[in-house]
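Here the structure comes first, spelled out in structure tokens, and everything after it is commentary.
The first residue in the sequence is number 1, and the count goes up from there.
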Amino acid sequence: MLSVSQTVPMSPPLARAPLRSRRTRSPLAPSRSPSSCFSCRCNAEVAKGRGRSGDDYHSTLRALNSRGRVPRKSLGQHYMLNSSINEQLSSVADVKDGDVILEIGPGTGSLTSVLINSGATVIAVEKDPHMAMLVRDRFDGINQLLVLEEDFTKCHIRSHLGSLLESKEFTRRDLTHAKVVSNIPFNITTDVVKHLLPMGDIISEVVLLLQDETAIRLVDASLRRSEYRPINIFVNFYSYPEYKFKVPRTNFFPQPNVDAAVVSFKLKQAVNYPRVASSKSFFAMVNSAFNGKRKMLRRSLQHICTSLEIENALRSAGLPVTSRPEELTLEDFVTLHNLITKV
């Protein structure tokens, strides 16, 4: 159920304690061999600007100007200017000393700094090579940060997280799962959600700063809405989503045309997934149902079995034979799928 929105006003940045020094070299720190471009980019580094106050408009501009950069619209770059919101993002995820955190799109490193100050080891994935270098330079000298200069949608993040969790060098001995805390580009929200939510075996929670409209749409699974889509079924299949608070657009540079919001996805373990014979066939059925959204299911699912068999399955599930996809809950789709696959 969608919780009541809480708007976060623009507030002055919070002062932070100095970054902690961890001088031991990470087992994931790459070699400098010129034969391995990936290794050359995957530098494990940590914060240079010890004791500096939180990032704001002026520090963000200085960071960008130091590289001769301007925000790139094609990459959805909007930089957070309010350090207190970064602190709240970290707080929502309950980031603790020794945690492993995945950050997508670190930008100038404002959220990265908060996460490292909390004692976490951070894997930051940055597509823009100039911003990746900026983050490396800012957090130079301590192996508490691994920067991956990659497109997150094509990154094999599971192997990176798994290696770091297994190493135990910078993590708590009892740690089995990583967390995701990110202010992501709005234009890759669906890709990020689809990539991360099925990873409950290695990630415990995903906390994202998203476009407010998208955040509401992902969390609110109310039926008979025009915004009700297969992604709602997907999100609730793999997680327990919760809308946390709204973030006004004035907190970003450049200022976007929409407000943002923070959403938490507590990931389910596989034993808690709805029981279906095959998740692949289940989501194929759901997608087919919504491809003909205004059509009755007995017509839109005819490629799976006959209309009569679909009607019988709907009756057995306690649903009207005239049901349309926007009228079915996750549980309804699960029941229908299991009945149809037995036909």
Side-chain angles (χ1 to χ4, degrees), residues 1-5 188-201 203 205-206 208 210-244 261 263-343:
M1 201 67 180
L2 181 64
S3 59
V4 178
S5 297
I188 63 168
T189 297
T190 301
D191 290 334
V192 169
V193 167
K194 286 186 173 181
H195 194 69
L196 293 175
L197 265 53
M199 297 175 66
D201 61 314
I203 297 173
E205 184 174 8
V206 176
L208 301 176
L210 312 171
Q211 182 178 332
D212 185 50
E213 210 172 88
T214 303
I216 294 172
R217 191 164 59 243
L218 289 176
V219 173
D220 186 2
S222 301
L223 303 181
R224 298 180 177 85
R225 295 183 304 112
S226 59
E227 295 85 6
Y228 190 56
R229 294 283 191 273
I231 191 65
N232 295 106
I233 304 298
F234 183 91
V235 165
N236 286 279
F237 188 98
Y238 287 114
S239 73
Y240 303 103
E242 183 179 357
Y243 184 106
K244 290 298 186 178
V263 174
S264 166
F265 304 90
K266 295 282 180 67
L267 301 197
K268 297 178 182 179
Q269 298 293 300
V271 294
N272 297 319
Y273 295 163
R275 294 298 179 191
V276 293
S278 163
S279 59
K280 184 177 180 179
S281 67
F282 172 74
F283 287 112
M285 185 199 78
V286 171
N287 289 330
S288 294
F290 280 91
N291 282 340
K293 189 169 183 184
R294 299 309 304 165
K295 290 182 180 180
M296 296 179 190
L297 293 169
R298 62 186 180 187
R299 296 193 60 186
S300 59
L301 299 180
Q302 283 185 78
H303 64 288
I304 299 176
C305 53
T306 67
S307 294
L308 181 59
E309 289 170 332
I310 295 168
E311 288 180 3
N312 290 335
L314 287 166
R315 286 194 191 94
S316 297
L319 298 168
V321 297
T322 56
S323 293
R324 291 180 168 83
E326 67 271 20
E327 298 170 342
L328 271 64
T329 64
L330 167 62
E331 292 75 18
D332 292 334
F333 272 113
V334 168
T335 302
L336 181 61
H337 172 266
N338 291 340
L339 289 168
I340 286 178
T341 54
K342 288 180 181 178
V343 173

With side chain to side chain contact (heavy atoms under 4.5 Å, CB included) as the test, would you mind laying out the steps for Val206 and Val192 before giving the verdict? CA-CA 10 Å; Val206 176; Val192 169; 5.7 Å; no
Check against side chain to side chain contact (heavy atoms under 4.5 Å, CB included), Ile310 and Arg299: CA-CA 9 Å; Ile310 295 168; Arg299 296 193 60 186; over 6 Å; no
Stepwise side chain to side chain contact (heavy atoms under 4.5 Å, CB included) test for Leu308 and Glu311: CA-CA 5 Å; Leu308 181 59; Glu311 288 180 3; 4.3 Å; yes
Using the side chain to side chain contact (heavy atoms under 4.5 Å, CB included) rule, take Leu314 and Leu339 through it: C-alpha gap first, then chi angles, then the decisive distance, then the call. CA-CA 9 Å; Leu314 287 166; Leu339 289 168; over 6 Å; no
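In terms of heavy atoms, Ala277 sits closest to His337 at N-CE1, 4.1 Å. Pairing each heavy atom of Asp201 with each of Gln269, the nearest pair is CA-OE1, 4.5 Å. Between Tyr273 and Pro198, the closest heavy-atom pair is OH-O, 3.6 Å. The minimum heavy-atom distance between Arg298 and Thr322, with the atom names listed, is NH2-CG2, 4.3 Å. The nearest pair of heavy atoms linking Val286 to Ile233 is CG1-CG1, 4.1 Å. Summarising the geometry of Ala289 relative to Pro325, their closest heavy-atom pair is O-CG, 3.3 Å, with the distance given to 0.1 Å.
A salt bridge between Arg229 and Glu227 is absent, with no side-chain N of the basic residue lying under 4.0 Å from a carboxylate O of the acidic one.
Without hydrogens or angle criteria, Asn272 side chain to Lys268 main chain gives no donor-acceptor distance under 3.5 Å. The closest donor-acceptor contact from the side chain of Asp220 to the backbone of Ile216 lies at 3.5 Å or more, if one exists at all. Under a 3.5 Å cut-off, the side chain of Asp332 and the backbone N or O of Thr329 do form a donor-acceptor pair.
With ring centers used as reference points, Phe265 lies 6.0 Å or more from Tyr238. Remark: aromatic rings of Phe237 and Phe282 are close, center separation under 6.0 Å.
Using a 4.5 Å heavy-atom cutoff, the side chains of Lys194 and Thr190 are in contact.
Rounding to the nearest 0.5 Å gives a distance of 7.0 Å between NZ of Lys266 and CD of Glu242.
Defined by atom type and a distance below 3.5 Å, a donor-acceptor pair is missing between the side-chain atoms of Ser288 and Asn291. The closest side-chain donor-acceptor pair between Gln211 and Thr189, if any, does not fall under 3.5 angstrom.
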